[in-house]
Amino acid sequence: MPTELAAPEVATRELSYAEAIREALAQAMEADERVFLFGEDVGVYGGAFGVSGDLLQRFGPERVIDTPISELGLAGAAVGAALTGMKPVLEIQFSDFVTLAMEQIVNQAAKIHFMFGGKASVPMVVRLPGGSGTGAAGQHSQSLEAWFAHVPGLKVVQPSTPHDAKGLLLAAIDDPNPVLVFEHKLLYKTKGPVPAEPYRVPIGSAAVRRAGRDITIVAASIMTLRALAAARRLAAEGIETEVVDLRSLRPIDFATIAKSVRKTHRLLIVYEGVKTMGIGAEISAMIAESEVFEFLETPIARLGGADVPIPYNPMLEKASVPQEDDIVAAARRLVLEGIA
Amino acid sequence: MPTELAAPEVATRELSYAEAIREALAQAMEADERVFLFGEDVGVYGGAFGVSGDLLQRFGPERVIDTPISELGLAGAAVGAALTGMKPVLEIQFSDFVTLAMEQIVNQAAKIHFMFGGKASVPMVVRLPGGSGTGAAGQHSQSLEAWFAHVPGLKVVQPSTPHDAKGLLLAAIDDPNPVLVFEHKLLYKTKGPVPAEPYRVPIGSAAVRRAGRDITIVAASIMTLRALAAARRLAAEGIETEVVDLRSLRPIDFATIAKSVRKTHRLLIVYEGVKTMGIGAEISAMIAESEVFEFLETPIARLGGADVPIPYNPMLEKASVPQEDDIVAAARRLVLEGIA
Amino acid sequence: MPQMSAIDRNTAAPERPALAALEQEVLRGALMKMHLIRKFEEAAEASYVRGLIHGTMHLSIGQEASAVGSILPLRIDDYILSTHRGHGHCIAKGADPARMLAEFFGKETGYCHGRGGSMHIADIEGGNLGANGIVAGGLPIAVGVGMSIKAQKQDRVCMVFFGDGATNEGAFHESLNMASIWKLPIVFVCENNKYAMSMDIALSMAVRNVTDRASAYAMPAVAVDGNDLPEVAAAARAAVARARSGGGPALVECKTYRIRGHSKSDRNLYRTKEEIETWREADPISRLETEVLTHQRFTRPELAAIEKAAQQRIDEALEFAKASPDPDSAELTRDVYAD
Amino acid sequence: MPQMSAIDRNTAAPERPALAALEQEVLRGALMKMHLIRKFEEAAEASYVRGLIHGTMHLSIGQEASAVGSILPLRIDDYILSTHRGHGHCIAKGADPARMLAEFFGKETGYCHGRGGSMHIADIEGGNLGANGIVAGGLPIAVGVGMSIKAQKQDRVCMVFFGDGATNEGAFHESLNMASIWKLPIVFVCENNKYAMSMDIALSMAVRNVTDRASAYAMPAVAVDGNDLPEVAAAARAAVARARSGGGPALVECKTYRIRGHSKSDRNLYRTKEEIETWREADPISRLETEVLTHQRFTRPELAAIEKAAQQRIDEALEFAKASPDPDSAELTRDVYAD
Ligand SMILES: Cc1ncc(C[n+]2csc(CCOP(=O)(O)OP(=O)(O)O)c2C)c(N)n1
Ligand SMILES: Cc1ncc(C[n+]2csc(CCOP(=O)(O)OP(=O)(O)O)c2C)c(N)n1
Ligand SMILES: [Mg+2]
Ligand SMILES: [Mg+2]
C-alpha cells in the first residue's frame with residue numbers, strides 16, 4: 001500500500017521555509033566565523049522576501065552586508081572571498097538577476113578549481129529566489145536553474161520543504177565548491193517540521209516522498225508539493241504514484257530515479273522551468289540511454305513551463321507552468337492511455 | 001544504398017565558412033541600409049577570427065563599428081537599435097563572453113515582443129564563435145548554445161557548412177526576432193560550395209546529410225563533419241548511418257529527426273556542449289515522449305562534452321569533446337550491442 | 001504669456017526664469033500630468049489594497065516633477081526608456097491612463113494586453129519604449145536607440161530614466177561611456193530619490209552626487225531639485241537641445257524622494273518618519289501650485305479644475321480597466337515570436 | 001645603499017628620489033625579474049613558432065617595468081590578481097618560470113597541471129590568485145579578496161591588474177565602487193598600453209586617462225610612466241602603504257606599450273611601425289640599465305651577469321618544461337570538484 005513517507009526526522013517543531021533558511025544561516029554563522037551573508041537589501045530591509053529578517057541585528061553589519069546593486073561585482077566578490085578563506089553566502093534578490101552574474105559564476109567560480117589544477121577552491125553559496133506565481137511578470141518569475149546544471153564545477157540544489165531548505169543550505173555552506181541554491185518564492189511561507197539542531201541534507205540525493213507502483217513522478221521544488229497533491233487525487237482513482245523529489249539538479253541522483261522507474265515502468269517529470277531544455281530533458285535522456293529504458297512501458301512524459309515568458313495576468317501566469325490539474329491529467333494519460 | 005546527399009545547390013564556387021559569413025554580411029548590408037555590424041575588433045582588425053575582414057573598408061566606420069569591451073552594453077545596444085528600425089548584427093568575440101550579456105539577451109531581447117503585447121519587435125542577430133580545439137582553455141572554448149535553446153523568444157542556429165553559414169545568417173538577419181548564430185572556430189577555414197547570390201536557409205529546418213537505415217546520428221555544428229567521417233568508416237563495416245545536421249537548436253526540427261528515427265530505430269545524438277543538459281538531452285526527451293518511442297529498438301545514446309571545463313593540454317582538450325573515434329564506437333555499440 | 005492684466009503682473013514678484021520660460025498651456029499641461037500621475041498611482045494603490053490588482057508596484061508619488069519636467073521638452077517622436085518606477089514617465093510622455101490601468105489589471109485592453117503589467121508598460125506609438133524590471137536595464141538599450149537615431153539621421157532624442165541605485169550597475173558605466181564616445185543623442189535622467197530600495201545612496205557610493213560620475217565620461221551633467229518642475233524642465237530642455245543638435249549626451253540628476261515604500265513589501269525600516277515628513281512638505285505638486293498662485297498664473301478655481309479633471313480621467317480609466325475583458329487563456333503563447 | 005666609493009658618487013649626478021628609494025638588492029632583484037620576464041616570453045614565443053606550444057599567448061614585452069615595479073612593494077603574503085597578459089605579474093610575484101613554462105607546454109608539472117595554460121596560470125602559494133581570460137574578470141574577485149582580508153583583520157593587500165580596455169567593462173565600475181565604499185585594501189593597477197587589442201584608447205573612452213575615472217569613486221589615483229620602474233614602484237609603494245594601513249583603495253595607471261601584437265593573430269593593422277619603434281626606444285629594461293650605469297649603481301659586467309643569469313634560468317626552465325610528462329588522459333575530469 002502506498003503511503004506518504006514519514007518525514008525523515010521526528011521533529012515536531014514547525015518552521016516556514018524562509019525561517020528554516022534563516023536558521024541555517026544563523027547556525028552557520030554561529031558555528032563558523034568565515035561565513036557571511038551579503039546582497040541587496042539583506043540587512044536593514046531583512047531581505048526582499050524577508051528571509052534574512054533579523055540577522056543584521058544578530059550578527060552585525062560586518063557579517064550581514066547590504067550592498068549596492070551590482071550583481072556581477074557581487075558574484076565576483078563571492079569568488080574572491082571564497083578563494084581566500086571565507087565562506088560567502090550571496091543572495092541574488094530575484095534569480096532572474098543572475099543573468100548579470102553569469103560571467104563570474106560560470107567562467108570563474110565553476111572553473112577555478114579545475115583551471116588552477118586543484119590548487120584553489122571556491123566554497124561560495126548563491127541563494128536565488130526563483131519561480132512564478134507572484135504576479136511579477138517576465139523579468140521576475142523565471143526558473144533558470146537548468147542552465148547551471150549544464151555547467152561542470154557547479155552544484156545546484158532546489159529544496160521543496162522547510163526541512164530541506166535548511167539542510168541543503170547547511171550542506172551547501174559546508175561544500176568546498178560553488179553551490180547555487182534555488183529557493184522558490186511561493187514556498188517561503190509554507191511550513192513544515194524542521195529539527196532545531198544543525199543538520200545536512202546531502203547534495204546529490206533525491207527523496208522518495210511517496211511510494212507507489214503505477215507511475216513515477218519526478219518533481220522539483222514547488223512541483224513536488226503539486227505532485228503530492230496530484231498523487232492523492234490519483235490514488236482515489238486507483239493510480240498509485242511514486243513521487244521523487246529531485247532536490248539536487250547537479251549532480252542528479254540517478255540511482256533513486258532509476259530504482260523507482262524500474263518499479264513503476266512509467267515516468268513523468270514535472271518542473272517549472274521552460275519545458276524545452278529544462279531539467280526534465282536531462283532526466284528523460286538519462287533514463288532513455290540507460291538500461292532502465294527496457295523497463296519503460298510508456299513514453300517518458302515531461303510537464304514543464306510553457307514556451308513563453310511568464311505573463312503578468314494571473315490566469316495566464318498559472319497557465320504557463322504546471323498546476324495540480326495538469327499533473328493529474330498527464331499522469332492519467334500516461335497510465336491509462338500510454339501516451340505522454 | 002546510402003549515399004552522401006548532393007549539396008542542395010549546384011554551386012561549384014567554394015568559399016570558407018568565414019568567407020561565407022562575410023559574404024552574407026556584405027550582401028545584407030548592400031541590400032538593406034538598416035543592417036550594420038558591430039563588436040570588439042570587427043573593424044580595423046577584421047575580427048578576432050578574421051570573419052569581418054575588409055568589411056570596414058567596404059562599408060565604412062558607420063556600418064562596421066569597433067566598440068569598447070562592454071558586452072552587456074553592446075547586447076543592449078543591439079536591442080535598442082533593433083527596437084527602433086535598425087537590424088544590428090553583433091559579434092561577441094568568443095561565445096564565452098556572452099555570459100556578460102545574458103541579461104540583455106534573455107531578459108530584454110527575448111521578452112520584449114511578448115511583454116509589450118506584440119507591439120514591438122527586436123530583429124537583432126548575435127554572432128558567437130564557440131567551441132574548443134584551439135588551445136584557448138576553459139574560458140575561451142565553451143559551447144553554451146543549449147542555454148539559449150531554453151529561452152522562449154530567442155532563436156538559435158548553429159551552421160556546420162559554409163553554405164549554411166551564409167544561408168542561416170541571411171535568414172537570421174531577415175528574422176523579426178532575436179537570433180543567436182553559434183559559429184565554430186574550427187570551421188572558419190573549412191571550405192565548401194556557396195552560391196554567389198543571396199539565399200536563405202530556413203531557421204528551424206534540419207538537413208539529412210547522409211541517408212542510412214541502421215542508425216540515425218543527429219549532430220550539430222562541427223560534430224556533423226565528424227559524424228559524416230564516422231559514417232563513412234561505419235559503412236565499411238556494414239553499418240549504414242543516417243546523419244541529420246541539426247542546424248537549428250530553437251526551434252528544433254523534430255519532424256526530420258522523428259522521420260529518420262522511425263526508419264532506423266536507433267538514435268545517437270552528438271554535440272560538443274557538455275553532455276548533461278546539452279541539446280542532446282532535449283532531442284532525446286522529445287523522442288522519448290513522442291510516438292516515435294515505440295519505434296526505438298535500443299536506448300537513445302548521447303555523446304556530448306565531458307563533465308569538465310575545457311582543459312588547455314591538447315590531448316585532454318580533445319578527450320573532452322566527442323571525436324570521430326568516439327562516434328564510431330558509440331554507433332557500433334548501439335547497433336551491435338544495443339546499448340548506449 | 002499668461003493672460004492677466006499688466007496691473008496684476010506688477011503686484012506680483014517677478015517670476016524666476018525657469019518658471020517664466022513655461023508658457024501658460026505648457027504649464028497647464030504639466031500640472032495636469034502631475035495630477036494624473038498622482039491620481040493614477042493612488043488609484044492603483046487603492047485597487048491593490050482592495051485585491052483588484054495582484055503582484056507588486058513601485059509608486060513614484062512625490063517624484064512627479066522629475067518625470068513631467070524631464071519629458072516636457074520632448075517631442076512626440078522622441079523616445080523615452082523608463083524604469084520599474086515608470087508610471088510617471090509613461091503618463092508624462094502622453095500615454096492613456098485607461099490603457100495603463102487596464103494593463104495593471106492584467107486586461108486584454110492594456111498596453112501589453114495584460115502580458116506585461118506595471119513593470120513592463122510600453123507605449124510604442126507614444127515613444128515610450130518601455131518600463132523595465134531590471135535595474136539599469138534601459139541604459140544599454142538607450143545606447144542602441146541613440147545609434148539608431150544617428151544612423152537614420154533623425155533629429156530625435158532618446159531620454160533614459162534610472163534611479164540612483166542603477167548607477168552602481170556596470171550597465172550604467174558601459175552605457176554612458178558608449179554614448180559619450182559616439183556622441184549619441186541621449187539624455188540620461190537619474191531620479192535620485194536617496195534610496196535604492198533600502199540602500200541609502202550615502203552607503204552605496206562614495207561620491208555625493210550622481211553627477212560626480214559624469215566626468216568619467218567627459219559628459220556634461222547637472223543636478224537639480226527634482227521636486228521643482230520648472231528647474232527640472234529647464235535642465236532637461238538644455239540637455240535635449242544639446243543632444244538634438246548633435247552635441248552629444250548629457251546627464252541630468254533630479255534630486256527627489258519617494259514618499260511611498262519601495263514596493264508593496266516595504267516596511268520603511270531604513271528611514272525615519274521625520275525624513276518622510278520633511279519631504280512630504282516638498283511635494284512637487286503643491287509647491288508648484290503655490291508658486292503659480294503667487295504669480296497669478298492660475299487662480300485657485302483653475303487649479304481645482306485641473307485636479308478635478310485629472311481625477312475624473314482616472315476614475316474613468318478605472319472603470320475602463322475594471323470593465324475590460326481578461327486575455328483569452330487559449331492565447332497563452334501568442335506574441336512570443338514576431339512574424 | 002650601493003657599494004661605491006664617495007668619490008664615485010660625487011662624480012655622478014644625484015639620483016632622482018624614486019631611484020634612490022630602491023636599495024641595491026631590491027634594484028638587482030627588479031632588474032633580474034624584468035629580464036626573467038623578457039626571456040621567459042621570448043622563450044615562449046620561440047617555442048610557439050617552433051610548434052612546441054599550441055593555443056595563443058599574450059606577451060607583455062615592453063611592459064616589464066609596470067609588472068615588476070607595481071609588485072615590488074608587495075609582501076609574499078599579499079595577493080595579486082592578474083590578466084590574460086599576466087606572465088610578468090606572475091614572475092614578479094615570485095613564481096617559478098620552470099613551472100610556468102611547463103604550464104605553457106601543457107605539462108603535468110605546470111602550475112595548473114596543464115589544465116589552465118598561459119591564460120590561467122595561478123601561483124596560489126606565492127599569492128598570485130590567477131591570470132584571467134576574461135577582460136576585467138579579476139576586478140570583482142579583488143573586491144572579495146579585499147572583503148576577506150578585512151573580515152579576517154589581516155594586514156594584507158590585494159593588487160589587481162587590468163588593461164585600459166578593461167576599464168570599459170561594467171565590472172570595473174562595480175568593483176571600484178564597492179572597494180571605495182567599503183574602504184577595502186586594494187590597489188588597482190591599470191596597465192594602459194594604449195590599445196585594447198585593436199581599439200585605441202582615444203576611441204574607446206572620452207577621457208584621456210584612466211585616472212580620470214577614479215573621481216567617480218572618490219578614489220585617489222595617479223598616472224605614471226609605466227616604463228619607468230622606479231616611478232612605478234614609488235606610486236605602488238604609496239598606494240600599497242595606504243591600503244595596508246586601512247586608508248582604502250587607490251588606482252595606479254601605468255602608461256606603457258605592448259611591443260608585440262595583441263596575440264598570435266595580430267597583424268598590427270591599427271598602429272604604425274613608427275609608433276612601435278618610438279616605444280621600443282623607451283624599453284623599460286634598457287632605460288633602467290642606462291640609468292643605473294650612469295649612477296654607478298651597477299657596472300656593465302654586473303648587469304650582463306644579471307641578464308645572463310636570467311637567460312640561464314629560462315633555458316633551464318625550458319628544458320624542464322620540455323622534459324616534463326603530459327597529463328594522464330585518464331584523469332580528464334580530475335579536479336572539476338574539490339572535496
Ligand atoms: C538587476 C536588478 N537588481 C535588483 C533589482 C531589485 N530592485 C528593484 S528596484 C531596486 C532599487 C532600485 O533603486 P533605484 O535605482 O535607486 O530606483 P528607485 O527604486 O529608487 O526608483 C532593486 C534593488 C532589480 N529589479 N534588478
Ligand atoms: C570579456 C572579454 N571580452 C573580450 C575579450 C577578448 N580580449 C582579450 S584581451 C582583449 C583586449 C584587452 O585590452 P586591455 O584591457 O587594454 O588589455 P591588453 O590586452 O591591452 O593588455 C580583448 C578584447 C575577453 N578576453 N574578455
Ligand atoms: Mg532610488
Ligand atoms: Mg590595453
Side-chain angles (χ1 to χ4, degrees), chain A residues 39-50 52-54 56-57 61 65-76 93-94 96-97 99-101 103-104 132-142 185 188 274 305-321, chain C residues 53-57 84 103-108 110 112-121 132-137 163-172 195-201 203-205 262-263 265-271 326-337:
Chain A
E40 294 153 18
D41 309 290
V42 298
V44 56
Y45 200 95
F49 298 98
S52 36
D54 62 351
L56 171 65
Q57 287 72 47
I65 305 172
D66 275 321
T67 71
I69 312 177
S70 307
E71 287 80 4
L72 176 62
L74 293 172
Q93 196 165 87
F94 284 73
D96 313 71
F97 312 153
T99 47
L100 287 161
E103 195 286 295
Q104 285 290 331
S132 65
T134 66
Q139 293 175 336
H140 285 72
S141 306
Q142 293 168 86
K185 282 165 265 173
Y188 283 129
V274 171
D307 213 13
V308 64
I310 302 294
Y312 169 70
N313 173 283
M315 279 168 308
L316 294 182
E317 185 183 22
K318 278 209 164 152
S320 70
V321 302
Chain C
I53 290 179
H54 80 148
T56 189
M57 66 184 66
H84 58 287
E103 187 57 36
F104 244 111
F105 276 68
K107 298 300 179 70
E108 185 65 37
C112 312
H113 301 308
R115 270 71 176 176
S118 157
M119 254 189 299
H120 303 293
I121 299 179
N132 208 311
I134 301 298
V135 167
D164 47 289
T167 73
N168 296 319
E169 286 280 12
F172 167 83
Y195 295 97
M197 204 157 155
S198 66
M199 190 67 169
D200 194 319
I201 186 173
L203 300 175
S204 76
M205 52 176 75
H262 165 72
S263 70
S265 70
D266 191 343
R267 292 175 295 153
N268 281 320
L269 297 176
Y270 50 87
R271 56 182 185 174
D326 267 310
D328 179 353
S329 287
E331 295 190 321
L332 173 62
T333 58
R334 190 187 76 191
D335 292 329
V336 177
Y337 289 95

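Just so it is clear, the structure is predicted and the values come from calculations on it, not from any experiment. Values reported hereafter were calculated over all heavy atoms of this structure, with side chains retained and with hydrogens, waters and symmetry mates removed. We name chains A, B, ... by the order of the sequence lines, and we start the count at 1 in each one.
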Which bit of [X] comes within less than 4.5 Å of chain C, counting heavy atoms only: side chain, backbone, both or neither?
X        : result
A:Ala319 : both
A:Thr67  : backbone
A:Glu317 : side chain

Count the heavy-atom pairs under 4.5 Å between each of A:Leu100, A:Val44, A:Leu316, A:Thr99 and chain C, then report the option with the highest count.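 The option with the most such pairs is A:Leu316.
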For the candidates A:Ile310, A:Leu72, A:Asp307, which exhibits the highest count of non-hydrogen atom pairs separated by less than 4.5 Å from chain C? A:Asp307
Any side-chain heavy atom of [X] sitting closer than 4.5 Å to one from [Y]?
X        : Y        : result
C:Ile134 : A:Phe97  : yes
C:Met197 : A:Tyr45  : yes
A:Gln139 : C:Asn132 : yes

Which bit of C:Asp266 comes within less than 4.5 Å of chain A, counting heavy atoms only: side chain, backbone, both or neither?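 Both parts, backbone and side chain.
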Any donor-acceptor N/O pair, [X] side chain to [Y] backbone, under 3.5 Å:
X        : Y        : answer
C:Thr333 : A:Val308 : no
A:Tyr312 : C:Phe104 : yes
C:His54  : A:Asn313 : no

Can you confirm whether the side chains of A:Asp41 and C:Ser198 place a donor and an acceptor under 3.5 Å from each other?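 The answer is yes; a qualifying pair exists.
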Which atom names give the shortest non-hydrogen contact between A:Ala137 and C:Gly116, and what distance separates them?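 That closest heavy-atom pairing would be CB-O, 3.4 Å.
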